Amino acid sequence: MSERNRKQRNRLGLFETEQWKITVGLQKISGLYCFQRDRINFICWLFIALFSLSFTIVLGIRLVMEIGVHTEIVIENILGELYMLIIFSKLGISVLKRKSFKSIYAKIADHWSMMKDAKELDIVSKNMERGHGVVKIYSLYCIVGMGCFIAMPITYPLLDYVIPMENKTRTMGEPAYVEYGIDPEKYYYPLMTQGFFGSLGCIAVFVAFDVSYMMLTNYVIGLFALAKHRLGKVNTLIKAMEQQNINVLKSNWPIPYIVQAIKTHQRALAYANDLEANYNKAWFITLVCDTATIGGCFAILKVKDTPEEIFRFFSLLFGAFIHFYFIFLPGQLMINASEEVFDACYAANWYKLSKKSKYLLKIIMIRSLRASYLTGGKMFSLSMNTYCSVYAKDQLIVRRSLEEIVGILKNISFFKFHVTFAISSI
């Protein structure tokens, strides 16, 4: 290993820790890891882009063919096109803003390598550990959920052994309605193989983009917590000075601690602005597509009449709400962390400080009055308030859809007893 590579590896030691293991691994698979060789990243981009483009085309061809013929297929293919739009937006933004993302990661790695205090390292590390826990749950949920949604039509014949249908049997279906211009039954397995490996790349991009946002946001939250910790040192110092009968009003001893807190707070604000600049367009596209997906799922569930298809698209509907939650949660945590800095300033016994110390503390106090938040396209904040308002608007629709789904299932002999029993229990 050359000296240059050794220095680069030492500098990026943060991303080799356990907390970043899943995030960096998914980024390397999808070509989104900024410090991976450009040649490897380009191959990953090319593979994912070619598959995504080809799948978007065949999906669109079938969509146009079914307009005015099968409304159900049209809606399903629109949902598929929305999913591909999310993939293109995440991949495109990651490629176009590669230098900007690389700059963010480099700044964070440099800052991490400069921290020497064990307590401060522990504070930031705990926030990253919390983010790593969310990443594990989210990545497992997305990979398993999307994999099952894609593979479910292939397993339909197995349901005949569990839920037999009257006078007919189930056949293996396709994950999506596409038009390749060839016999789908004759080339079923080659087409499914191509779809399987292509979808792996798309899922990797989808998840890698999201988990990197979660980890970076949690690092910024850790910096806000670090600023709060340094302000707490001022309060501790004041108590120690009072015990030694030192006049705090005439002392400048607290100033270095306040200056350190200001620098940390400014760093956190700068990183938050970088995240907003790089992610806001992607979140706008993603959340608009998620909202459209929820509406599309409602429409599809009204026309589906088989339990397996109802379950499949109800899972997609549920997944859209869960995806909303995981995107809005880090934004809310950042808002909370930035507001807590003001509380720490107020709790630092500012009225006991010297004029110069009060002036410095006022700088961070005034800025922390306004919470730091992330947005989707500068149009809505990523917060629990926004999430709850979206959920409240969709709640009535969800309720009506569930009533219609229950009505359909009650007509299916296998579910008749179970649905009736569940309703009576409620």
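Since we're looking at a predicted model, the values are computed, not measured.
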| said: Can you classify the ring geometry of F101 versus F209 as parallel (below 30°), tilted (30 to 60°) or perpendicular (above 60°)? | reply: perpendicular
| message | Do K107 and Y271 form a cation-pi contact, if we require the NZ or CZ to be under 6.0 Å from the six-membered ring centre and within 45 degrees of the ring's axis? | response | no
| field | Intermediate values then yes/no, ring pair (Phe, Tyr, Trp, His ring centres under 6.0 Å), Y105 and Y33 | value | CA-CA 10 Å; Y105 283 110; Y33 188 53; 7.2 Å; no
| said: Which residue in the set E120, R230, K228 passes side-chain hydrogen bond (donor to acceptor under 3.5 Å, both in side chains) when paired with T264? | reply: R230
| message | Less than 4.5 Å apart, side chain to side chain, heavy atoms only: is that true for W20 and L14? | response | yes
| query | Quick one: CG on L26 to CD1 on I143, what's the gap to the nearest 0.5 Å? | reply | 5.5 Å
| query | Closest heavy-atom contact between A292 and L82? | reply | CB-CD1, 3.5 Å
| Applying salt bridge (charged side-chain N to carboxylate O under 4.0 Å, His left out), which residue pairs with at least one partner in residues 29-48 are found, sequence neighbours left out? | D38-R98
| request: Please assess F224 against H229 for the test ring pair (Phe, Tyr, Trp, His ring centres under 6.0 Å), listing each intermediate value before the final yes or no. | output: CA-CA 9 Å; F224 281 121; H229 167 72; over 10 Å; no
| message | Would you say that I258 contacts L353 through its side chain, given a criterion of any heavy-atom pair below 4.5 Å between the two side chains? | response | yes
| request: Could you tell me if the ring centre of F51 sits under 6.0 Å from that of F55? | output: yes
| query | Would you find more than 12 non-hydrogen atoms of other residues, nucleotides or ligands less than 6.0 Å from Y373 atom OH? | reply | no
| request: Identify which one of F311, F314, F313 satisfies the ring-ring contact (aromatic ring centres under 6.0 Å, His included) criterion when paired with F149. | output: F313
| request: Mind checking the CD1-CD spacing from I221 to E340? Nearest 0.5 Å is all I need. | output: 10.0 Å
| task | Start with the C-alpha gap between K90 and D210, add the side-chain angles, then the distance that decides, and say whether salt bridge (Lys or Arg N to Asp or Glu O under 4.0 Å) holds. | result | CA-CA 9 Å; K90 290 183 176 181; D210 292 356; 2.7 Å; yes
| query | Pairs in or reaching into residues 106-146: which pass ring-ring contact (aromatic ring centres under 6.0 Å, His included), with residues at least two apart or in two chains? | reply | Y138-F326
| query | What's the spacing between L79 CG and C289 SG if we round to 0.5 Å? | reply | 10.0 Å
| field | Within 6.0 angstrom of K97 NZ, more than 12 heavy atoms from elsewhere | value | yes
| field | Greater than 12 external heavy atoms within 6.0 Å of M379's CE | value | no
| message | Test salt bridge (Lys or Arg N to Asp or Glu O under 4.0 Å) on E16 and K21; report intermediate values, then the result. | response | CA-CA 6 Å; E16 295 180 0; K21 189 175 181 179; over 6 Å; no
| query | If you count the non-hydrogen atoms of other residues, nucleotides and ligands that lie under 6.0 Å from CZ in F42, is the total more than 12? | reply | no
| remark: NZ of K281 to CZ of F284, rounded to nearest 0.5 Å, is 11.0 Å
| message | Testing the basics here: between A109 and F15, what is the closest heavy-atom pair and its distance to 0.1 Å? | response | CB-CE1, 3.8 Å
| Verdict with reasoning, Y83 to T56, per side chain to side chain donor-acceptor pair (under 3.5 Å) | CA-CA 10 Å; Y83 174 73; T56 302; over 6 Å; no
